[in-house]
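Okay, here's the structure, questions in a sec.
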Amino acid sequence: MVVAIDGPAGAGKSTVAKKVAEKIGALYLDTGAMYRAFTLYVLKNEVSLDNLTMIKHTLDNFELSITEDKVSVNGDDVTTAIREADVTANVSYISSLGFVRKKMVELQREMGKNKAIVVEGRDIGTVVFPDTPYKFYLDADIEERAKRRLNDEKIQKNVKNILQIKQTIKNRDIYDSSRTISPLKKADDAVYIDSTDKTVEEVCTFIINSIHEKTARSSWT
Ligand code: DC
């Protein structure tokens with residue numbers, strides 16, 4: 001059983017996906033963290049972003065381990081480092097590369113095999129697990145998303161202001177939804193949720209009720 005939660009930056013996907021996973025006794029996978037981990041690895045290895053051959057080579061040497069609370073690359077704990085500003089600034093570009101997506105999607109499908117798992121990202125319902133009946137597209141207006149990100153950044157002690165964050169989110173949304181391969185978009189059969197005026201608890205309850213309804217409906221037919 002796969003629950004797919006897609007949506008733009010700052011919509012609350014991680015918070016909601018983690019909580020839903022906990023409540024239904026499923027695993028949780030943050031696919032954005034996978035793209036961030038590879039972006040960090042490229043930057044750390046000082047690979048030129050124009051050099052696709054070197055990026056491919058770097059991908060061949062990239063060993064990822066990801067659990068619900070720890071991300072490691074080639075044995076190094078990068079859980080905090082993948083949230084840094086230089087990673088955020090380059091992750092949309094790195095994740096738009098076809099060969100990078102191919103490898104990540106393979107890993108994601110492998111991790112989702114024979115498990116109950118809640119997976120969050122941008123293309124989970126459209127590309128990675130298109131056959132799952134449990135698809136949600138989580139959105140919120142830009143002001144609210146920027147406010148939420150600002151709170152996260154404060155927790156991580158990154159000094160930023162709301163305007164900077166709003167601009168970064170907007171740029172990433174444009175890049176992520178206009179790339180040629182697997183752009184961010186709502187799957188036709190995903191349930192759209194506007195979380196602007198909703199609490200985390202309300203969104204989670206709504207998702208869990210939808211999952212139960214869908215499961216009940218499919219067991220009648
Ligand atoms: O969820 P996040 O902000 O940590 O994701 C970082 C970037 O990774 C996001 O800007 C686009 C990319 N991404 C993607 O292309 N596909 C996914 N399934 C998840 C993230």
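Numbering of ligands and ligand atoms starts at 1, following listing order.
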Next on the checklist: Do the side chains of Asp123 and Arg101 get close enough for a salt bridge, i.e. N-O under 4.0 angstrom?
Outcome noted: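 Looking at Asp123 and Arg101, the cut-off is met.
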Checklist entry - Is the closest basic N to carboxylate O distance between Lys102 and Glu106 below 4.0 Å? => result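 Result for this pair is yes, salt bridge flagged.
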Checklist entry - Can you find an N/O atom of Arg149 closer than 3.5 Å to an N/O atom of ligand 1? => result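 In this structure, Arg149 places no N or O atom under 3.5 Å from an N or O of ligand 1.
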Checklist entry - Quick one: does ligand 1 sit under 4.0 Å from the side chain of Arg36, the backbone, both or neither, non-hydrogen atoms only? => result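 Side chain only; the backbone of Arg36 stays clear of ligand 1.
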Item to check | Nearest option to atom 17 (C) of ligand 1, as decided by whichever heavy atom of Met104, Lys13, Gln108, Arg122 sits closest | outcome: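 Checking each option, the heavy atom nearest atom 17 (C) of ligand 1 is found in Arg122.
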Checklist entry - Heavy atoms, side chains only, cut-off 4.5 Å: are Leu59 and Lys103 in contact? => result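 A side-chain contact under 4.5 Å exists here.
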Checklist entry - So is Lys56 actually on top of Phe99's ring, under 6.0 Å and inside 45° of the axis? => result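 Ring-cation test returns yes.
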Item to check | Contact check: Arg101 vs ligand 1, nitrogen or oxygen atoms, below 3.5 angstrom | outcome: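 Yes - when backbone and side-chain N and O of Arg101 are compared with those of ligand 1, one distance drops under 3.5 Å.
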Checklist entry - If you measure from each heavy atom of Arg179 to ligand 1, is any distance below 4.0 Å? => result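 Yes; Arg179 lies near enough to ligand 1 that a heavy-atom distance drops under 4.0 Å.
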Checklist entry - Taking only heavy atoms of Ser95, which atoms of ligand 1 are found under 4.0 Å from at least one of them? => result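 Those qualifying, in numeric order: 11 (C), 12 (C), 15 (O).
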Checklist entry - With a 4.0 Å cut-off on heavy atoms, does Ser92 reach ligand 1? => result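 A heavy atom of Ser92 does come that close to ligand 1.
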Item to check | Numbered atoms and elements of ligand 1 in range of Thr31, under 4.0 angstrom, heavy atoms | outcome: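 That gives atoms 17 (C), 18 (N), 19 (C) of ligand 1.
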Item to check | Heavy atom of the protein closest to atom 11 (C) of ligand 1 (residue, atom name, distance) | outcome: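 Answer, as residue, atom name and distance: Asp176 OD2, 3.3 Å.
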Item to check | Geometric class of the Phe62/Phe38 ring pair [parallel <30°, tilted 30-60°, perpendicular >60°] | outcome: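 Perpendicular, since the angle between the ring planes exceeds 60°.
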Checklist entry - Which ligand 1 atoms are under 4.0 Å away from a heavy-atom of Asp123? => result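 Per the distance check, 16 (N), 17 (C), 18 (N).
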Checklist entry - In the protein, what heavy atom is nearest to atom 20 (C) of ligand 1, and what distance, to one decimal place, separates them? => result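 Result: Gly32 CA, 3.5 Å.
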Checklist entry - Is the closest basic N to carboxylate O distance between Asp176 and Lys185 below 4.0 Å? => result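 Salt bridge: no.
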Checklist entry - Does a side chain donor of either Tyr134 or Thr215 reach within less than 3.5 Å of an acceptor in the other side chain? => result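 Distance-only check passes for Tyr134 and Thr215.
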Next on the checklist: Between the side chains of Lys166 and Glu143, is the shortest nitrogen-to-carboxylate-oxygen separation below 4.0 Å, so that they form an ion pair?
Outcome noted: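 Lys166 and Glu143: salt-bridged.
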Checklist entry - For ligand 1, which atoms, with element, lie under 4.0 Å from some heavy atom of Arg83? => result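 Listed by number with element: 4 (O).
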Item to check | Nearest-neighbour protein heavy atom for atom 3 (O) of ligand 1, which is reported as residue plus atom name and distance | outcome: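 Answer, as residue, atom name and distance: Arg172 NH1, 2.9 Å.
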Item to check | Test item: Glu120 and Ser14 side chains (from C-beta on) under 4.5 Å apart, heavy atoms | outcome: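 The answer is yes, as the side chains (C-beta and beyond) meet within the 4.5 Å cut-off.
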